[in-house]
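Inspection log for the structure reproduced underneath, given as structure tokens.
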There are 2 protein chains.
Amino acid sequence: MKIESIDFFYLSMPEVLDIGDGSQDAALVRVRAGGLEGWGECEAAPLPTIAAYVCPMSHSACKPVKASVEGMELNTPGDILKISKKVHENSFDLLQADHTLSGIDIALWDLLGKRLNEPVYKLLGYKKAHSKVPYASQLFGDTAEETYQKAVQARNAGYKAVKFGWGPIGRSTAAVDEAHFRAAREGLGKEHYLMIDIGTCWGEDVTAATARLQALKEINAYWLEEPFANMALDAYSQLAGSKPQVPLAAGEGCNNFVQAAAMIHHAGLRFVQIDTGRIGGITAAKRVAELAVNRGITYVNHTFTSHLALSASLQPYAGLENDIICEYPFEPKQLALDITANQLSINEHGTVHVPDQPGLGLTVDPERIRKYLVNTEIKVNGKILYQTPNLL
Amino acid sequence: MKIESIDFFYLSMPEVLDIGDGSQDAALVRVRAGGLEGWGECEAAPLPTIAAYVCPMSHSACKPVKASVEGMELNTPGDILKISKKVHENSFDLLQADHTLSGIDIALWDLLGKRLNEPVYKLLGYKKAHSKVPYASQLFGDTAEETYQKAVQARNAGYKAVKFGWGPIGRSTAAVDEAHFRAAREGLGKEHYLMIDIGTCWGEDVTAATARLQALKEINAYWLEEPFANMALDAYSQLAGSKPQVPLAAGEGCNNFVQAAAMIHHAGLRFVQIDTGRIGGITAAKRVAELAVNRGITYVNHTFTSHLALSASLQPYAGLENDIICEYPFEPKQLALDITANQLSINEHGTVHVPDQPGLGLTVDPERIRKYLVNTEIKVNGKILYQTPNLL
């Protein structure tokens with residue numbers, strides 16, 4: 001079948017707060033072909049992401065993403081790979097292109113799964129999907145006391161693993177950070193997995209990181225996530241070689257396979273975290289999962305938004321039995337919950353099952369998201385290049 | 001002084017062709033403060049670049065670039081560093097942000113130089129600017145015969161060094177590529193430097209590259225540029241270790257310092273090529289130049305557009321006496337030439353002198369560029385976030 005339409009929808013909460021919560025807006029993509037619909041989400045700033053889809057060509061390697069997608073054939077997984085490759089060839093000088101491609105690629109897999117009546121993970125070559133142990137992903141409290149309360153709350157909600165990140169961490173003294181680390185462990189109890197996410201606050205500052213290693217060791221941090229900027233290989237590998245050793249996790253900022261490969265090869269990571277909504281979609285993420293297996297590194301999804309994004313992020317490593325941990329949005333905004341009519345709930349064993357329904361196994365209900373629509377129009381030389389499409 | 005305004009202008013040739021010529025459009029930036037103007041150019045797709053400046057905030061690390069620039073103080077080089085750091089902290093999840101920052105950073109240096117009555121290279125800490133030997137940067141011909149003619153023409157124009165790139169190379173057989181390589185050398189003569197630019201055509205395909213090494217050696221290629229995708233460290237380092245050895249050059253695709261550092265440390269390069277219009281401006285480029293010196297790698301600018309971009313690209317390594325080669329736009333479109341009223345011409349010694357006038361030493365004349373203006377408007381929820389500003 002031929003791709004008939006690709007539509008971008010910019011959704012937003014009425015108010016977007018200056019906090020590390022990526023679920024406050026969304027760039028949703030709908031692809032139509034053969035009487036079917038596929039949906040995907042870019043984990044990206046909606047306006048530049050849409051602009052990268054529709055912008056006029058600058059030169060042969062700086063074309064709009066649409067030049068490589070519109071009217072293309074979609075019958076096999078190979079067709080999606082072809083589109084992904086074409087976008088990279090035609091748009092490698094358009095920086096935002098990978099974020100734009102991400103939602104399209106996800107929607108294409110969703111659509112193809114529906115067409116072939118298979119869940120995406122089967123199209124990726126996995127025979128079986130292994131359930132994942134979700135960790136609650138949440139922000140540090142403003143105070144250590146608040147962090148403690150949030151940890152208690154997550155434990156009471158039945159989570160076996162909890163990650164705290166962002167908020168005040170890395171913005172003040174080591175003592176303040178350590179108080180938060182200890183409060184999190186205290187609230188959670190000794191038995192639970194506790195991960196700490198720095199949100200790249202330390203930039204390339206290895207000294208700031210090593211000053212906190214002892215405390216991180218003492219609270220038995222399962223991993224230390226994104227202490228540094230994405231691709232700061234030098235800082236990462238220095239920290240990986242420092243004592244006491246705390247396992248490092250990173251990769252969510254990678255916007256293509258070769259960046260993730262660079263992190264896997266040169267950053268000393270124990271965990272590679274991939275957001276399918278940023279890395280170019282499920283296609284690129286699956287390649288990273290294969291490389292991670294080869295290098296003995298654990299693959300983990302990065303997901304902080306909708307269950308559509310969650311399902312997309314689980315598919316690339318659904319069949320990896322040993323990579324059992326998954327990030328699970330613990331306190332997403334209502335917008336993120338409303339994107340899908342159904343959710344990937346946590347079952348009685350405390351795990352998340354990757355859907356066995358065709359495609360991503362989730363239903364996007366236009367009526368639920370209508371109220372979040374941000375009406376957008378881009379006009380160039382009098383010609384409307386983009387305006388918010390009809391949801392129906 | 002306080003930054004009073006930042007304005008983006010989208011310029012374009014009437015027709016943009018599907019060729020590897022980045023001079024067909026431009027994203028120009030004008031910064032005003034203290035009664036002065038500074039100008040910069042983003043080497044980037046204009047529309048997404050502008051969108052990244054004005055888009056609504058998505059979350060704390062995905063803010064529009066303007067959030068970190070508007071109203072900031074500009075009195076010392078340290079103030080520009082502060083702005084650059086702030087953009088990275090506030091917008092690291094906005095992929096396009098580095099391209100947007102690039103033109104702003106360049107304009108800030110230009111403005112500060114005018115304010116302090118110093119050329120930018122002096123503000124960067126260099127006592128003296130060393131003239132550079134320009135190489136003519138041009139596209140391969142459609143046929144080997146055409147490539148030969150272009151090489152003859154460049155030699156006759158007095159260039160001591162010529163680079164051929166893009167066009168048909170890497171899109172057909174090794175034999176076709178080799179015919180172009182040999183035609184270039186034949187037309188140029190034995191004494192001249194000849195560089196070959198693959199424009200990332202081989203992706204991550206080391207085999208395709210090694211198949212051409214013998215021919216590249218035989219034509220005595222001074223360097224082999226961008227055989228692979230930016231950041232494909234594995235492919236680069238494999239090729240660097242292959243025989244016969246041909247020096248590798250790359251880096252133009254890097255959009256921040258840490259990526260360039262990764263290429264310097266792990267790609268086996270002999271030359272690192274930085275486009276100040278992409279890497280985040282002069283600030284980031286200067287850091288790369290310092291690292292290159294430390295690692296014994298030659299720094300070269302990447303410039304394919306205007307002389308404003310050329311001056312900006314020369315400043316970061318103006319004071320490096322041993323790094324004498326510079327890319328010089330050989331056949332830019334008229335738009336690129338019209339951006340500045342004056343040009344960095346090649347002197348009687350066949351070299352280019354970095355301007356000693358304040359700032360970047362070039363004058364942008366609004367009247368010359370008016371005809372290239374692309375009227376653009378971005379509207380979100382009824383509010384105009386961007387429209388083409390007045391040129392005067």
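Letters A, B, ... mirror the listed sequences (proteins, then strands); counts begin at 1. Please read all numbers here as calculations on a predicted model, not as lab measurements.
- Highest contact tally toward chain A, considering only B/Ile384, B/Leu385, B/Val380, is held by B/Val380 [criterion: heavy-atom pairs under 4.5 Å].
- For a residue to count as touching a neighbouring chain, one of its non-hydrogen atoms must lie under 4.5 Å from one of that chain's; by this rule B/Leu373 touches chain A with the backbone only.
- Your options are A/Leu95, A/Val374, A/Ile378, A/Val258, and the one with the most heavy-atom pairs under 4.5 Å with chain B is A/Leu95.
- Using a 4.5 Å cut-off between heavy atoms, B/Ala261 does not touch chain A at all.
- Residues A/Ala51 and B/Ala51 share a closest heavy-atom pair of CB-CB, 4.0 Å.
- Interface remark: of the candidates B/Gly203, B/Ala232, B/Gly253, B/Ala232 forms the most heavy-atom pairs closer than 4.5 Å to chain A.
- Only the backbone of B/Leu17 comes within contact range of chain A, with heavy atoms under 4.5 Å apart.
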Enumerate the inter-chain donor-acceptor pairs under 3.5 Å for chain B and chain A, one line per pair.
{"residue": "B/Asp18", "atom": "OD1", "partner": "A/Lys63", "partner atom": "NZ", "Å": "3.0"}
{"residue": "B/Asp18", "atom": "OD2", "partner": "A/Lys63", "partner atom": "NZ", "Å": "3.2"}
{"residue": "B/Ile19", "atom": "O", "partner": "A/Ser60", "partner atom": "N", "Å": "2.9"}
{"residue": "B/Ile19", "atom": "O", "partner": "A/Ser60", "partner atom": "OG", "Å": "3.3"}
{"residue": "B/Gly20", "atom": "N", "partner": "A/Ser60", "partner atom": "OG", "Å": "3.2"}
{"residue": "B/Asp25", "atom": "OD1", "partner": "A/Ser58", "partner atom": "OG", "Å": "3.4"}
{"residue": "B/Asp25", "atom": "OD2", "partner": "A/Ser58", "partner atom": "OG", "Å": "2.6"}
{"residue": "B/Ser58", "atom": "OG", "partner": "A/Asp25", "partner atom": "OD1", "Å": "3.4"}
{"residue": "B/Ser58", "atom": "OG", "partner": "A/Asp25", "partner atom": "OD2", "Å": "2.6"}
{"residue": "B/Ser60", "atom": "N", "partner": "A/Ile19", "partner atom": "O", "Å": "2.9"}
{"residue": "B/Ser60", "atom": "OG", "partner": "A/Ile19", "partner atom": "O", "Å": "3.3"}
{"residue": "B/Ser60", "atom": "OG", "partner": "A/Gly20", "partner atom": "N", "Å": "3.2"}
{"residue": "B/Lys63", "atom": "NZ", "partner": "A/Asp18", "partner atom": "OD1", "Å": "3.1"}
{"residue": "B/Lys63", "atom": "NZ", "partner": "A/Asp18", "partner atom": "OD2", "Å": "3.2"}
{"residue": "B/Asp93", "atom": "OD2", "partner": "A/Arg278", "partner atom": "NH2", "Å": "3.1"}
{"residue": "B/Gln96", "atom": "N", "partner": "A/Gln96", "partner atom": "OE1", "Å": "2.8"}
{"residue": "B/Gln96", "atom": "OE1", "partner": "A/Gln96", "partner atom": "N", "Å": "2.8"}
{"residue": "B/Glu204", "atom": "OE1", "partner": "A/Arg287", "partner atom": "NH2", "Å": "3.0"}
{"residue": "B/Glu204", "atom": "OE2", "partner": "A/Arg287", "partner atom": "NH1", "Å": "3.2"}
{"residue": "B/His266", "atom": "ND1", "partner": "A/His266", "partner atom": "ND1", "Å": "3.3"}
{"residue": "B/Arg278", "atom": "NH2", "partner": "A/Asp93", "partner atom": "OD2", "Å": "3.1"}
{"residue": "B/Arg287", "atom": "NH1", "partner": "A/Glu204", "partner atom": "OE2", "Å": "3.1"}
{"residue": "B/Arg287", "atom": "NH2", "partner": "A/Glu204", "partner atom": "OE1", "Å": "3.0"}
{"residue": "B/Asn375", "atom": "N", "partner": "A/Asn381", "partner atom": "OD1", "Å": "3.0"}
{"residue": "B/Asn375", "atom": "O", "partner": "A/Asn381", "partner atom": "N", "Å": "2.6"}
{"residue": "B/Glu377", "atom": "N", "partner": "A/Lys379", "partner atom": "O", "Å": "2.8"}
{"residue": "B/Glu377", "atom": "O", "partner": "A/Lys379", "partner atom": "N", "Å": "2.8"}
{"residue": "B/Lys379", "atom": "N", "partner": "A/Glu377", "partner atom": "O", "Å": "2.8"}
{"residue": "B/Lys379", "atom": "O", "partner": "A/Glu377", "partner atom": "N", "Å": "2.8"}
{"residue": "B/Asn381", "atom": "N", "partner": "A/Asn375", "partner atom": "O", "Å": "2.6"}
{"residue": "B/Asn381", "atom": "OD1", "partner": "A/Asn375", "partner atom": "N", "Å": "3.0"}

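- Within the 4.5 angstrom heavy-atom criterion, only side-chain atoms of B/Phe257, from C-beta onward, approach chain A.
- Among B/Ala229, B/Pro56, B/Pro46, B/Ala44, the residue making the largest number of heavy-atom pairs under 4.5 Å with chain A is B/Pro56.
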